[in-house]
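These notes are about the structure you will find just below.
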Amino acid sequence: MQYKIPRGTFDILPSDTWRWQVVINAYREVACAYGYEEIVTPIFEQVELFERSSGENSDIVQKEMYRFQDKKERWLALRPEGTAPVVRSYVENHLDAQSRITRLFYIGPMFRYDRPQAGRYRQFYQYGAECIGSHHPYFDAEIIAMQSTFLTKLGLKDIILEINSVGCPECSKEYDQALSKYFDQYKDELCPDCQNRLQTKPRRLLDCKVPHCKSLAVKAPLLTEYLDNDCKEHFSQVQNYLKMMDISYQINPRIVRGLDYYTHTAFEFLNMSLGAQNAISGGGRYDGLISQVGGKDIPAVGIAGGFERLLLSLDQEKISLGERPTPIAYLVLAGEQAKELGIKLLKDWRQAGFAIAHDPEKDSFKAQLKAADNSQARYALIIGDDEITQEIVTVKDLRHGEQKSCSIKDVAYLLLQGLE
RNA sequence: GUGGAUGUAGUUCAAUUGGCAGAGCACCGGAUUGUGGUUCCGGGCGUUGUGGGUUCAAGUCCCAUCUUCCACCCCA
């Protein structure tokens with residue numbers, strides 16, 4: 001029986017893991033610079049947490065969540081997103097009592113049952129950040145700035161930032177009614193999907209891709225016209241801060257968030273060269289969420305992004321992340337005595353932190369050097385009868401071929417300094 | 001969930017109207033038993049994704065199924 005990886009999942013192989021490390025480390029660094037600290041939460045949570053936060057009618061909850069019952073028949077779900085668990089932990093551990101503003105970030109796998117496609121998987125890896133504790137527009141801008149710094153640091157250029165305000169629940173409600181009213185007059189012209197959306201989420205009509213729906217959407221009322229004064233003021237303040245930070249953006253009144261908990265600012269970072277799955281990160285403010293899941297009435301703003309699409313973008317823009325790490329040296333052993341001493345030295349060197357490759361199954365000198373070449377090691381450390389009698393090691397630079405004798409205790413020094 | 005493509009050696013790809021399943025790269029071994037990268041020589045019985053069917057004969061035709069990809073949908 002040949003076992004196969006489950007649909008929509010993928011292995012990250014050694015040829016690629018280092019690239020993931022680079023990107024993940026870069027994110028940790030940027031988050032740290034902005035004062036965010038890492039939080040790790042479980043991969044599964046109570047189903048209700050997601051139902052309550054994302055919204056019972058959201059697609060995520062309705063059809064994409066992996067649910068299961070444990071032996072005590074508790075309903076659990078593999079987390080489909082990261083914000084709800086972080087907020088749950090924040091409330092449960094009373095993090096609000098420790099400081100007024102709590103800055104958190106996370107990295108880890110998320111799960112959604114969806115039809116796989118490039119840049120879309122059933123188990124995918126997300127990073128995200130949440131700034132909890134203030135309604136101040138500065139924090140909206142800060143979290144956007146952090147993402148911008150991250151993408152810039154990786155070297156991505158083909159990125160667009162789109163922002164919008166989805167208002168507070170009050171103006172939001174008013175707007176939805178206006179929108180329904182507008183589209184209702186064209187009810188029969190809408191595509192089946194949109195007829196559905198008209199009932200459940202009128203805002204989704206705004207980004208339908210069917211040409212006729214699109215043309216109807218052009219004249220639809222915009223949320224910006226329905227924002228109350230506070231919401232308008234907040235949105236313009238966010239923009240001011242973005243300008244102060246020299247971050248360019250476009251306002252896209254059609255940005256809609258898929259999850260119910262968003263209020264005020266909503267934004268997306270897009271890479272236009274990516275095809276349909278082109279949103280590499282997105283987020284927004286969620287002032288009502290914390291109280292919704294049982295905490296105090298504390299405002300917050302957050303962002304989440306996917307590593308798969310990020311790596312696709314890097315490929316697309318041909319941005320190198322460096323090179324796959326290779327051993328610094330390969331140990332070549334000839335003769336019984338050398339083998340005995342060599343194995344001991346190998347362990348010592350490795351213990352000292354040097355990445356040294358060796359293969360005891362390669363017998364001939366030639367095969368060992370060939371393996372050394374193949375391993376991409378910088379040096380070959382050669383020990384044979386000659387070296388044993390003189391108590392030395394021959395160090396050969398595999399790039400140029402020059403070699404040098406050196407006493408056993410100086411090998412480590414030579415590996416650090418080079419042959420010169 | 002909907003529509004359309006795809007699947008042959010580790011990998012990239014070949015295989016005329018159905019007629020013995022092949023090549024480049026990679027990999028392994030060798031070319032006077034302590035010197036690799038170049039060169040030369042040698043090395044592949046692969047459940048042609050899987051299961052059925054048609055046929056004397058199926059990688060090739062038919063059906064089913066799975067995977068991946070593209071778009072929709074959704075989302076980060």
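Each chain gets a letter, A, B and so on, in the order the sequences are listed, and its residues count up from 1. Below, each value reflects all heavy atoms present in this structure, side chains not excepted, and no hydrogens, waters or symmetry copies.
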At a heavy-atom distance below 4.0 Å, what parts of residues 122-159 of chain A sit against RNA chain B? A:Phe124, A:Gln126
Would you jot down, in residue-number order, the residues of residues 23-34 of chain A having a non-hydrogen atom under 4.0 Å from RNA chain B? none
With respect to the phosphate group of B:C74, does any side-chain polar atom (N or O) of A:Arg197 fall under 4.0 Å of OP1 or OP2? yes
Could you work out the separation of B:G42 and B:A58 based on their P atoms and round it to a whole Å? 34 Å
For atom CD of A:Gln46, is the number of surrounding heavy atoms from other residues, nucleotides or ligands below 6.0 Å larger than 12? no
Test for a donor-acceptor pair under 3.5 Å between the base of B:C73 and the side chain of A:Arg120, counting only N and O atoms. yes
Per-nt protein contacts along nucleotides 31-38 of chain B (heavy atom under 4.0 Å; B base, S backbone sugar-phosphate only, - none) come out as ---BBBB-
Might you confirm whether atom CD of A:Glu391 has over 12 heavy atoms from other residues, nucleotides or ligands at distances under 6.0 Å? no
For nucleotides 3-12 of chain B, list the nitrogen or oxygen atoms of the protein found under 3.5 Å from its nitrogen or oxygen atoms, one pair per line.
from	atom 1	to	atom 2	distance (Å)
B:G3	O6	A:Arg115	NH2	2.9

Quick check against the 3.5 Å criterion: does A:Ser180 have a side-chain atom that pairs as donor or acceptor with the backbone of A:Asp176? yes
Starting from Watson-Crick (N1-N3 plus N6-O4 or O6-N4) and G-U wobble pairs under 3.5 Å, report the runs of at least three that RNA chain B belongs to. B:1-5 with B:68-72, B:10-13 with B:22-25, B:27-31 with B:39-43, B:49-53 with B:61-65
Set of salt bridge (charged side-chain N to carboxylate O under 4.0 Å, His left out) partners for A:Asp348, sequence neighbours left out: A:Lys344
Has the side chain of A:Tyr379 got a donor or acceptor atom that lies under 3.5 Å from a matching backbone atom of A:Leu331? no
